[in-house]
4 protein chains.
Amino acid sequence: MSGTAAGTGGTGGGRRTGRPRSAAADRAILHATRAALVDLGWGGLTMGEVAARAGVAKTTVYRRWPTKSELVLDAVAALLDEELELPDLGSLRADVECVVQRFAALIDRPEAKTALMAVVAESTRDAALRQRVRQAIVAPQKRLVVLGRHRALERGELTEGPGDPGATVDLIFDVIAGAVIHRLLVSGEPVDGEWARRFTTVLLDGLVATASPGAGHRPEEHR
Amino acid sequence: MSGTAAGTGGTGGGRRTGRPRSAAADRAILHATRAALVDLGWGGLTMGEVAARAGVAKTTVYRRWPTKSELVLDAVAALLDEELELPDLGSLRADVECVVQRFAALIDRPEAKTALMAVVAESTRDAALRQRVRQAIVAPQKRLVVLGRHRALERGELTEGPGDPGATVDLIFDVIAGAVIHRLLVSGEPVDGEWARRFTTVLLDGLVATASPGAGHRPEEHR
Amino acid sequence: MSGTAAGTGGTGGGRRTGRPRSAAADRAILHATRAALVDLGWGGLTMGEVAARAGVAKTTVYRRWPTKSELVLDAVAALLDEELELPDLGSLRADVECVVQRFAALIDRPEAKTALMAVVAESTRDAALRQRVRQAIVAPQKRLVVLGRHRALERGELTEGPGDPGATVDLIFDVIAGAVIHRLLVSGEPVDGEWARRFTTVLLDGLVATASPGAGHRPEEHR
Amino acid sequence: MSGTAAGTGGTGGGRRTGRPRSAAADRAILHATRAALVDLGWGGLTMGEVAARAGVAKTTVYRRWPTKSELVLDAVAALLDEELELPDLGSLRADVECVVQRFAALIDRPEAKTALMAVVAESTRDAALRQRVRQAIVAPQKRLVVLGRHRALERGELTEGPGDPGATVDLIFDVIAGAVIHRLLVSGEPVDGEWARRFTTVLLDGLVATASPGAGHRPEEHR
DNA sequence: ATATAATCGAGACGGTACGTCCGGTCTTGCT
DNA sequence: AGCAAGACCGGACGTACCGTCTCGATTATAT
């Protein structure tokens, strides 16, 4: 669970009496939100439409999520919230390729694509929303990078290196996530095995080694 | 000139009768759009508001740009349309760092940030818009990568390498642009000299060399 | 009460859930409509203007009256809806003169004049509207004719005569109302006591008797 | 010809030079106006629509008729402008019945109905328009009454009677025209031979004679 | 058992913006 | 000059959602 502030239970600690909020409504609303996003896109999504699809009154939606951004954020977060396992494939190269493909698969779903970018766009003007995006979406994904790096360090494929380890992880995540997102959403090209392999090579070995004399074979040496 | 389909003259070759469209109106509208974007953001941007700021009737805006997306796209494209010069700094490393910083400076302006992401979000549901985004915004930037690579090849810092050169340029652009965008808009951290240097190192030398024993000095060897 | 279909409560018997419609809004809207009609005329009357004057949202007006015609109809009907009493003046001649003057006074008000004709004009293309005009405006006035005729029959000034009594009442009403309306709105002349007297003479005694040898004195005989 | 101010020739005396106005355009515009009135009604009638139907530019319409009212007025006047002949049927009664039926036939055409009432409605707020309505539409019709009266005087069916003859004609016309219009447009019933006969009886003989003991035979005495 | 209290559905409410249409005016180039 | 074409400003159109509110009707827990 991404455990956001909204949702069943409302104000949290307080209330003891009265009719409790329906957990079924929560689920129906989030589900309806994702479905509506696919059909209508961010701009076409309305609170009223969500309520109608969820078979719920508009007030019931507003009681839980005061804004469209927060609603969509939670709807998408729930989507990315599956257990993020990273199978140990034995080598840093294989692990990276796997992360790339998984992340691409995650993003490249109709209900995630639009929603993610729209929430990011919205977050450029709303600090609180930006904070929640990082917490609910970015952080969980970043754990995969931390995990992969940890394994590589244990295997001896990488060393601690100089400087702040956190900054290094951040950098790597920016590169991986950024490249995948840009490829998919801006360039509009698929992230297939071929691209994942070539990207991984550049990331691990660098542009110089990759596109230099004798570079073509280097990748094979690692297999 | 980004020379998009919209704007004065309409369909281009065609019309020769009737009162011609005012070129001044075009300029006023695009300027008003950028100003309104900064003040109000994508969601708050209104065709009516743009018209009012431009001192123009709403119909005059709609006659030229039928949708908000197209209007904003052209407004932003005009913004990114300054002559993109890449000074020859003597080394691939310096050139890359320069491109990174320039691109970051371009993106990290209030009128560009929100608009870009919103247009990208919108383009996930509109193939025609996606096409125009690539044409008007992505393609010009990509030329810098082509130019830098050309210089590096001449200097002997890179070789042609195997495979399609176009694919290679695409990959590199996805990595650079993606990382910068992700850093700025998702991670919400600044792209300063320090980050640009570290990113460039990873890109050129690879993660393994960078974060391995003795990696810290490698960059110096290239200078 | 003319009790038209529109107004508070909607379809009448039906709805029992949701927030009930405000009766105050109904009154404010109808009042604003009449006021706006006087100031702006039919052509200048705007749903938005009515809403603004009534201190009400445009949607609140549309929710009750979907078209300008229906709104104006109800506004005018309410105006003509005062209790229509016909004092017994003792003779058919006096009664007719009274009805003529009353009807003229009713029509010859700024808020009624334009509205009535405009609604009639509109009704030439809209059967449903025509039906409502007859129900809400014509029928009540016609009762005066029925009443006057009834008294004259009791006094022995008239007899049942041949043919359908309904058709006779209709004919008389067409003559009285038509003449008054035509005098006021088309000829543009006032309906004063003099005219009412002369019209009544023609109606009761006929053109031949009125404009024939010795006709000039006949009216006096009835006084 | 109803000879209104508008139409070909424009400012009247003045202009000598330049391209003369096209008479064909005048005809096309008036014809298009009538056609559009039938199809769309007063409210739906548009200067632009008229221009389009007439195959003429909007400016060409405005150059001749500055307002919708004046355009429609002329279009309708042209319609009622046929030579108004009143065949001498030998008796006042037959003449009146004939006038009633003719007038009803004139009014009861789709292109005349709506237009007439709409112009009248508009004229309640526009003195100049009211003046032109009387000149172009009312006056010609009134001549029939004058003519019929003249014949009846010659035949000895009527005498000059007391008072102003003009006022008498006005009164008679208000009664005839008003009754027919009211019957057709407000009551929504047809003006057939039966109604014309009954109306004529009331008009000539009066209500008292018509609906009194022995009244039923009176009409026959005049035949 | 019965209050108490919050939730639920429904839908009206005051607003704001939408994208379209028309009214009238004005350029522009052709006749 | 007139004319066709069509852009221009302004303003109303009727609709859609917004987020809030008032209802009556349900459910829970807390007496």
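Everything numeric in this text was worked out from a predicted model, so none of it was measured. Chain letters run A, B, ... following the sequence lines, proteins first, then strands; residues in each count from 1.
Between C:Arg125 and D:Val38, the closest heavy-atom pair is NH1-O, 3.0 Å. The two residues D:Ala78 and D:Arg34 come nearest to each other via the heavy atoms CB-NH1, 3.7 Å.
Atoms CH2 (D:Trp65) and P (E:dG24) sit 16 Å apart, rounded to a whole Å.
Put simply, C:Thr17 has no side-chain N or O that comes within less than 4.0 Å of OP1 or OP2 on F:dC23. OP1 or OP2 of F:dC8 sits under 4.0 Å from a side-chain N or O of B:Arg63.
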Nucleotide N/O to protein N/O under 3.5 Å, stretch nucleotides 18-20 of chain F:
residue, atom, partner, partner atom, Å
F:dC18, OP1, A:Met47, N, 2.9
F:dC18, OP2, A:Met47, N, 3.3
F:dC18, OP2, A:Gly48, N, 3.2
F:dG19, OP2, A:Tyr62, OH, 2.6
F:dG19, N7, A:Lys58, NZ, 3.3
F:dG19, O6, A:Lys58, NZ, 2.9

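Within the 4.0 angstrom heavy-atom criterion, no nucleotide atom of any strand lies near C:Gly44.
With a 6.0 Å cutoff to the six-membered ring centre and a 45° limit on the axis angle, B:Lys113 does not count as a cation-pi contact of B:Trp42.
The residue from C:Ile29, C:Thr33, C:Val61, C:Thr59 that alone fulfils the side chain to side chain contact (heavy atoms under 4.5 Å, CB included) condition with C:Met47 is C:Val61.
Out of F:dC3, F:dC8, E:dA10, the shortest distance to the side chain of B:Arg21 is found at F:dC8.
Salt bridge status for A:Arg132 with A:Glu70: present, with a side-chain N to carboxylate O gap under 4.0 Å. Here A:Asp26 does not pair with A:Arg21 in a salt bridge; the nearest charged N to carboxylate O distance is not below 4.0 Å. By the 4.0 Å N-to-carboxylate-O rule, D:Arg53 lies close enough to D:Asp39 to be salt-bridged with it.
Nearest-nucleotide positions on DNA chain E for A:Val56 and C:Ala57 put A:Val56 closer to the 5' end.
Between the CH2 atom of C:Trp65 and the CG atom of C:Leu30 there is a distance of 4.0 Å, given to the nearest 0.5 Å.
Within residues 29-42 of chain B, no residue has any heavy atom under 4.0 Å from DNA chain E.
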